[in-house]
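Order of the sequence lines sets the chain letters (A, B, ...), proteins ahead of strands, with each chain counted from 1. None of these values were measured; they are calculated from a predicted model.
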Amino acid sequence: MSKKYTITTPIYYVNSVPHIGTALTTLAADVTARYQKMRGREVFFLTGTDENGLKVKEAAEKAGKDPMAFVDEISSKFKEIWPGMFIEFDDFIRTTEPRHRIAVQEFFRILQEKGHIYTGTYEGWYDVSSETFYKESDLVDGKSPDGNEVRWVKEDNYFFRMSSFAEPLMAHIDANPNFILPETRKNEVVSFIKQGLRDVCISRANPGWGIPVPGDDSQVVYVWFDALINYIAATGWPKPGWEDYWPAEVQWMGKDILTRFHATLWPAMLLGVGLPLPETLVGHAWLLMGGEKISKSKGNVVAPLELAAELSERSTCALDVAIDAVRFYMAATLPVDNDSVFTYEEFDRKYNTDLANDLGNALNRSLAMSHKFVGGSVPGGSVEEEAVQAIAKAKADFETAMVTFRIDHATDAAWSVVRFLNKYIDTRAPWALAKNNDPALPGVIRSMLLCLRTAEGLVRSIMPKTADAIAAQLGSSPLTDWSQIGTEGSLIEGTALSQPKPIFPRLELTKKEEPKKMEQPKPQPTATPIPAQKEEAVATEITIDDFAKVKLKVGRVLEAEPVEGSDKLMKLQVVIGEERRQIVAGIRKSYSAEDLISRQVIVCVNLKPAKLRGVESQGMLLAATDADGGAILLQPDKEAPEGTGVK
RNA sequence: GGCGGCGUAGCUCAGUUGGUUAGAGCGAACGGUUCAUACCCGUUAGGUCACCUGUUCAAAUCAGGUCGCCGCUACCA
């Protein structure tokens, strides 16, 4: 068997339902897959779900469900939603499957055997008051950077020696310019690696859910470590035959999970085991939803399908075509370097101008002329030189764009042939040729039809149903072989053409009253974020007496203002009973000053005061950490007098 | 704070290794055409290429600095 062209998306976390970010990534992968198939490659397109996190178990319990039943349910939602967007994956892996568990354990075992995992103890300087680990080089005069006492500690866990892979990784990145795309992201990765990679904790106490560490059931493999291995697990590894599927030619993902995971941890893991690295990692930017606030509970992947349904209704186009229109929009604007903002106005406008006016109308008028002037079948004659060149250029530009996975540019290249066609028709004016019985007429009509046939082929990976519809109107069978695109052979003389029928009925755009307020909710991360290392390490039990040392009280925020020179810190004046304190908290990412003022909070009042950015902080607010690393402040269930003790 | 990126016509953006009148798409205005889904084609936009100072015969394109925005990273009691 020959090596397949392997394309992956991240596996999506089943803690929530599919959203816009996952749709964008998966669409990009699908376009890549369809393109490669047309080029004659055997493609292996992999996606799946990530189901082993502790959060999953907790979410299941909260929903009153058995974890397995819970993940079955959500995983199937993902599995079912993609075909609805004409996304054709070849394999769907779930991390709860035996094939994945076997691969993870074997992967772990090999790393252990090769000495890349050290077990049982983490030794290092530890700042007890901040519960943070420090490297020798972090210390200042034998104290933590904050001036606290540090002690040498040991923690029980498994650690991956990622630090030893910084150099080989840098060498690989230097030697393979296309390893990380786009360039901006690659620069980020390089600077991240240059400042030194730390060993990572790759296990945690077994909560009864997850993949046990081989030979040690008290621990499960840490979710991220586990999740990344799906890519190789799906190839059948460690069983023979995996070489036909690995390495992946391209691994698509959102930019949030590129630097820390796919471009460092993942390749380091592969190097450790001795497996080849993927050829290219692409981290795209976000398509932010503007214009309308997104309901978090709904989940945003519904948006593309709802958008399609709504478009279909408003424009009376076929639902299939509407879904293609959504695919087109996403492909044409697929953000790479910078995020872009989606608005309904822009979507409608693009539908009308690019799809209805340019492509749809070009097909429509060309067919109408074919019926009127040359009897409704594909004429012979030779395709004119300027058309030949425009076709060749569009095709070549598409190919060039796809080398670096610039789907937006590829889409533009496909459109260039349509734009050419409209100009060409205008210049050659077939109606005038017909009037004068000009012998050039058949050749001109044929040139026009070949442009359309080319457009059909170029557009096919992006809009498969639309391509079929174009082929049908051209009376031809779908053009699925890339090498045939633009050739005389793709357009058989004498083929009967259908009567023209608009594929994209125009939308009647009413003037919008006034632009709605732009809301740009933070995109949800594509998959599990890695928890801070200190969370991992502090599994140590404490006694009730230990806990009693911590004095917690209810307080109320009186004033709040950002700390200058910091992007996360907020300076707060908090009233706690009789006293009033200044507290500095790193919560600006999640809360504005207005959010905070007059809010009740829980404060640790006997924490040693410290200076943050030169501002004195006399305590600490209690907060949970959300998936993005933002803060979720704890608040009494109902109003309690300021100063009330908490235990 | 460190590193990186960005700041070009009303909007979205292209602008290779510095070199004639700075480009495309959309919107707008005007004109043309009639095959077509009132579509398409053309012309027009006189933009301090964020700002300042340099290097050079010549800079949007290089160097230094300033301002603004963003990303990564650090800090986040």
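Taking atom P on both nucleotides, U61(B) is separated from C49(B) by 9 Å, rounded to a whole Å. Taking atom P on both nucleotides, U48(B) is separated from G10(B) by 9 Å, rounded to a whole Å. C26(B) and U44(B) are spaced 16 Å apart, taking the C1' atom of each and rounding to whole Å. Going from the C1' atom of G2(B) to that of A22(B) covers 36 Å, rounded to whole Å. For the C1' atoms, the distance linking U17(B) with A60(B) amounts to 16 Å, nearest Å. On the C1' atoms, G19(B) is 48 Å away from C75(B), given to the nearest whole Å. Taking atom P in both C39(B) and G27(B), one finds a spacing of 10 Å when rounded to whole Å. On the P atoms, A50(B) is 15 Å away from C13(B), given to the nearest whole Å.
A side-chain N or O of N357(A) and one of R506(A) form a donor-acceptor pair less than 3.5 Å apart. Between S163(A) and D199(A), the side chains place a donor N or O and an acceptor N or O closer than 3.5 Å (distance only, hydrogens not considered). Side-chain atoms of E384(A) and Y424(A) include a donor-acceptor pair closer than 3.5 Å.
Using Watson-Crick or G-U wobble geometry with both donor-acceptor distances under 3.5 Å, U44(B) finds its partner in A28(B). Applying the Watson-Crick and G-U wobble criteria (two distances, each under 3.5 Å), G71(B) pairs with C3(B). Across all strands shown, G54(B) forms a Watson-Crick or G-U wobble pair, both distances under 3.5 Å, with C62(B). In this structure, C13(B) forms a base pair with G23(B), meeting either the Watson-Crick or the G-U wobble geometry with both donor-acceptor distances under 3.5 Å.
Proximity of residues 177-189 of chain A to RNA chain B (heavy atom under 4.0 angstrom from any strand atom) is restricted to N187(A), E188(A). Remark: N422(A), K423(A), D426(A), W431(A) in residues 421-451 of chain A come within less than 4.0 Å of RNA chain B through at least one heavy atom.
Distance, R349(A) CZ to G10(B) P: 17 Å, rounded to whole Å. With rounding to whole Å, Q499(A) atom CD is found 12 Å from A36(B) atom P. Residue D408(A) contributes atom CG, which lies 12 Å from atom C1' of A14(B) at whole-angstrom precision. One interatomic measurement links the two molecules: CG of L258(A) to C1' of G5(B), which rounds to 15 Å at whole-angstrom precision. Here C11(B) presents its P atom at 18 Å from NZ of K350(A), a figure rounded to the nearest Å. Following rounding to the nearest Å, L355(A) (CG) and C39(B) (P) show an atom-to-atom distance of 14 Å. Rounded to whole Å, atom P of G4(B) lies 9 Å from atom NZ of K194(A). If you take CD1 of I193(A) and C1' of C72(B), they are 13 Å apart, rounded to a whole angstrom.
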ask   = Do F420(A) and C451(A) pass the side-chain contact (heavy atoms from CB on, under 4.5 Å) test, and can you show the C-alpha distance, the side-chain angles, and the key distance before you say yes or no?
value = CA-CA 9 Å; F420(A) 163 79; C451(A) 284; 3.8 Å; yes
query = For K186(A) and D174(A), what are the C-alpha separation, side-chain angles and deciding distance, and is it a salt bridge (charged side-chain N to carboxylate O under 4.0 Å, His left out)?
reply = CA-CA 10 Å; K186(A) 174 183 158 178; D174(A) 285 342; 6.0 Å; no
request  = Just do the ring-ring contact (aromatic ring centres under 6.0 Å, His included) check on W415(A) and F398(A) with the steps written out, would you?
outcome  = CA-CA 10 Å; W415(A) 245 256; F398(A) 194 107; over 10 Å; no
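The pair D354(A)-R349(A) fails the salt-bridge criterion, with no side-chain N (NZ, NE, NH1 or NH2) lying under 4.0 Å from an Asp/Glu carboxylate O.
Contact annotation for D412(A): no contact, since no heavy-atom pair falls under 4.0 Å across all strands. The residue A356(A) sits close to a base: some heavy atom pair falls under 4.0 Å. Contact annotation for I503(A): base contact, defined as any heavy-atom pair under 4.0 Å involving a base atom.
Judged purely by atom type and a 3.5 angstrom limit, Q473(A) uses its side chain to pair as donor or acceptor with the backbone of K501(A).
Comparing T259(A) and T353(A) along RNA chain B, the residue whose closest nucleotide (by nearest heavy atom) sits nearer the 5' end is T353(A). When each of D358(A) and R365(A) is assigned the nucleotide of RNA chain B with its nearest heavy atom, R365(A) is the one assigned upstream, toward the 5' end.
Listed nucleotides: C35(B), U73(B), C40(B). Nearest to the side chain of R260(A): U73(B). Nearest nucleotide to the side chain of K255(A), out of U37(B), C35(B), G71(B): G71(B).
Closest approach of M463(A) to D324(A), counting heavy atoms only: C-OD2, 3.3 Å. Of all heavy-atom pairs spanning S366(A) and L421(A), the tightest one is OG-CD2, 4.1 Å. In terms of heavy atoms, I470(A) sits closest to L452(A) at CG2-O, 4.1 Å.
A close approach under 4.0 Å does occur between a side-chain nitrogen or oxygen of K372(A) and OP1 or OP2 of A36(B).
Relative orientation of the H284(A) and W252(A) rings is tilted, given thresholds of 30° and 60° on the angle between their planes.
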